[in-house]
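What follows is a single structure, written as structure tokens, with notes after it.
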Amino acid sequence: ISDAEKDVIRTKEKINREKERLEKMKERLAKDKRKGKLTDIEISKEDIKISKQEIEIRELKEDLDKAEKKLNKLRN
């Protein structure tokens, strides 16, 4: 059970780190757009990176659901 609990905690922490990283990416993109530092291609590349980050967060949430189900199964 303790391993399953550790998995849940680890996954939650990773989700939080990735969310923070995503917010920083969005803030940096918005800042650079305001300053006019980016070309259209660079903006598109950053948008793709942000999308990939969002997908990774969704995948981590799925992993969290699986870990929580496993933990509940072990507790019962």
Note to self: Using the side chain to side chain contact (heavy atoms under 4.5 Å, CB included) criterion, which residues pair with Lys12? Sequence neighbours excluded.
What the structure shows: Val8, Leu64, Glu68
Note to self: Between Ile55 and Arg58, is there a side-chain heavy-atom distance shorter than 4.5 Å?
What the structure shows: yes
Note to self: Once side chain to side chain contact (heavy atoms under 4.5 Å, CB included) is applied, do any residues pair with Lys24, and if so which ones, sequence neighbours excluded?
What the structure shows: none
Check: Tell me, do Glu5 and Arg75 make a side-chain contact under 4.5 Å, heavy atoms counted?
Finding: yes
Check: Within a radius of less than 6.0 Å around CG of Asn72, do more than 12 heavy atoms belonging to other residues, nucleotides or ligands occur?
Finding: yes
Margin query: Strictly below 4.0 Å, N to O, side chains only: are Glu20 and Arg17 in salt-bridge contact?
Written below: no
Next item on the list: Please identify each residue that fulfils side chain to side chain contact (heavy atoms under 4.5 Å, CB included) with Ile9, with sequence neighbours left out.
Entry: Glu13
Note to self: As an exercise, state the distance from CG of Asp7 to CG of Asp63, rounded to the nearest 0.5 Å.
What the structure shows: 10.0 Å
Note to self: So, taking the atom named CZ in Arg10 and the one named NZ in Lys14, what distance separates them when rounded to the nearest 0.5 Å?
What the structure shows: 10.5 Å
Checklist line | Distance (rounded to the nearest 0.5 Å) between Ile43 CD1 and Glu46 CD | finding: 9.5 Å
Notebook entry, point to check: Can you tell which of Lys49, Lys26, Lys19 makes a salt bridge (charged side-chain N to carboxylate O under 4.0 Å, His left out) with Glu54?
Noted result: Lys26
Next item on the list: Supply the atom-to-atom distance Leu71 CG to Asp3 CG, rounded to the nearest 0.5 angstrom.
Entry: 11.0 Å
Notebook entry, point to check: Are the side chains of Glu42 and Lys45 in touch, meaning some heavy atoms are under 4.5 Å apart?
Noted result: no
Next item on the list: Can you see which heavy atom on Ile57 is nearest to which on Leu22, and at what distance?
Entry: CD1-CD2, 3.8 Å
Next item on the list: To the nearest 0.5 Å, tell me how far Leu38 CG sits from Lys33 NZ.
Entry: 8.5 Å
Check: Going by an N to O cut-off under 4.0 Å, is there a salt bridge joining Glu18 and Lys61?
Finding: no
Notebook entry, point to check: What's the spacing between Leu60 CG and Glu62 CD if we round to 0.5 Å?
Noted result: 9.5 Å
